[in-house]
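Here's the structure we're looking at; comments come further down.
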Amino acid sequence: MRFLPALTKVAALGAAAVLAAGALTACGDDAPNAADNPYGLLQAGVLRTGTLTDAPPNVYLKDGTFTGFDNDLLTAVAAKIGLRVEFVGTDFSALLSQVNNHKFDVGSSSITITEARKKTVDFGNGYDFGYFGLDVPAGSSITGFDQLAGKRVVVVQGTVQDDYATGQNLNPVRVPDYNGALNQLKAGTADAWIAPAEIGEKTAADSGGKIKVAAKQLSPAPTAYAVAKGNDKLREVLNKGLDEVIADGTWSRLQAQYYPGRPIPADFKPGSGTVPVPSAATEPSGTAAPSASASAAS
């Protein structure tokens, strides 16, 4: 009987060792496998993407589904590289920091490449160009960007329109989203809205004659998808997929679908610029998107 406590102690130690080994094995089974997730995604095989809900035709929510030129293009790019896209709505002012903090793998919102933004995120190759638009109330005497000094000008915070207004010393009124900017014009609390041109055009068209587009000018840089700083593998594979959807005609078809009749600047080359850009095929019936003569750039 004197040996029983010792035997019991040995048995307990043995059982603990077996449990510990099992726990280590289980942890090993659940641990991320770099081979299964080579791009460092939040979930292997899924491209979690931050986007906007209110900026047609580039990025918007329709019947509960995220769509628009940028998002449809990203879905096609992801398919080329074996990934599925999961879109999540957010505010543009938070999007870039959310990408770099790994809340999202990618930012998709007609994001114009700027030197300031390169300090927060890395960009893939440019996939589109855009214009600034100037929306004003119907009775306004403002006809151009050179007439905004001393006026109350509204912009969406963090956009290139915000950068432009700040650079012109306009001291803009900043709002978190496009609906907020529109409400400023409707309420008469802003004299003008510097907007992505297409969004401004659609807003004017839907206003029943209360808002008009006073002017439009080409944005200075292309738009691109954003990834976290240093995630070169994801950036490079997105660039590869983008070139593939340019080469197979998807980019051209989406351009024709979402921006019918919009001329493409002669010096703009999407993607790496090394692949031919086919002419757009005839758009299948039933796939019409909001009409646009200029794209939105944030």
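- T166 and D162 share a donor-acceptor pair across their side chains, judged by distance under 3.5 Å alone.
- How far CG of N100 is from CG of L95: 11.0 Å, rounded to the nearest 0.5 Å.
- Scanning for side chain to side chain donor-acceptor pair (under 3.5 Å) contacts around T274 gives S272, with sequence neighbours left out.
- When all heavy atoms of A226 and F123 are compared, the closest pair comes out as CB-CE2, 4.2 Å.
- Pairs engaging residues 144-153 under the side chain to side chain donor-acceptor pair (under 3.5 Å) rule: T143-Q147 [sequence neighbours left out].
- Under the 3.5 Å distance criterion, with hydrogens and angles disregarded, a donor-acceptor pair is assigned to the side chains of D248 and T250.
- A salt bridge is absent between D122 and K118: the closest approach of a Lys/Arg side-chain nitrogen to an acidic carboxylate oxygen does not fall below 4.0 angstrom.
- Between S108 and D70, the side chains place no donor N or O within less than 3.5 Å of an acceptor N or O (distance only, hydrogens not considered).
- Stacking of K216 on the aromatic ring of Y131 is recorded, both the 6.0 Å distance cut-off and the 45° axial limit being met.
- In the model, Q98 has a side-chain atom that pairs as donor or acceptor with a side-chain atom of T90 under 3.5 Å.
- Checked against ring-ring contact (aromatic ring centres under 6.0 Å, His included), Y164 has the following partners two or more places apart in sequence or in another chain: F132, F145.
- Taking both residues in full, the closest heavy atoms of F66 and T51 are given as CD2-CG2, 3.5 Å, listed atom of the first, atom of the second, then distance.
- Donor-acceptor pairing under 3.5 Å is recorded for the side chains of R262 and Q255.
- Using a 4.0 Å cut-off between charged side-chain N and carboxylate O, D105 and R48 make no salt bridge.
- Listed by chain and number, the residues in a salt bridge (charged side-chain N to carboxylate O under 4.0 Å, His left out) with E236 amount to none (sequence neighbours excluded).
- Aromatic ring pairs are classed by plane angle as parallel below 30°, tilted from 30° to 60° and perpendicular above 60°; the pair F69 and Y259 is tilted.
- The aromatic rings of Y178 and W193 sit tilted, their planes meeting at an angle between 30° and 60°.
- The CD1 atom of I246 sits 11.0 Å away from the CG atom of L254 when rounded to the nearest 0.5 Å.
- T67 and D72 are linked by a side-chain donor-acceptor pair at a separation below 3.5 angstrom, with hydrogens and angles left out of the test.
- Inter-residue side-chain proximity for V154 and V175 is flagged as met; some heavy-atom pair is nearer than 4.5 Å.
- The number of heavy atoms from other shown groups lying within 6.0 Å of CG (N171) does not exceed 12.
- For the salt bridge (charged side-chain N to carboxylate O under 4.0 Å, His left out) condition, no pair includes a residue of residues 264-276, sequence neighbours left out.
- Here Y127 pairs with Y225 under the ring-ring contact (aromatic ring centres under 6.0 Å, His included) rule; sequence neighbours left out.
- Put simply, the side chain of L47 does not reach to within 4.5 Å of the side chain of Y39, judged on heavy atoms.
- Contact annotation: the side chain of T65 never approaches that of F87 to less than 4.5 Å [non-hydrogen atoms, C-beta and beyond].
- Remark: D128 CG to T223 OG1 distance equals 4.5 Å, nearest 0.5 Å.
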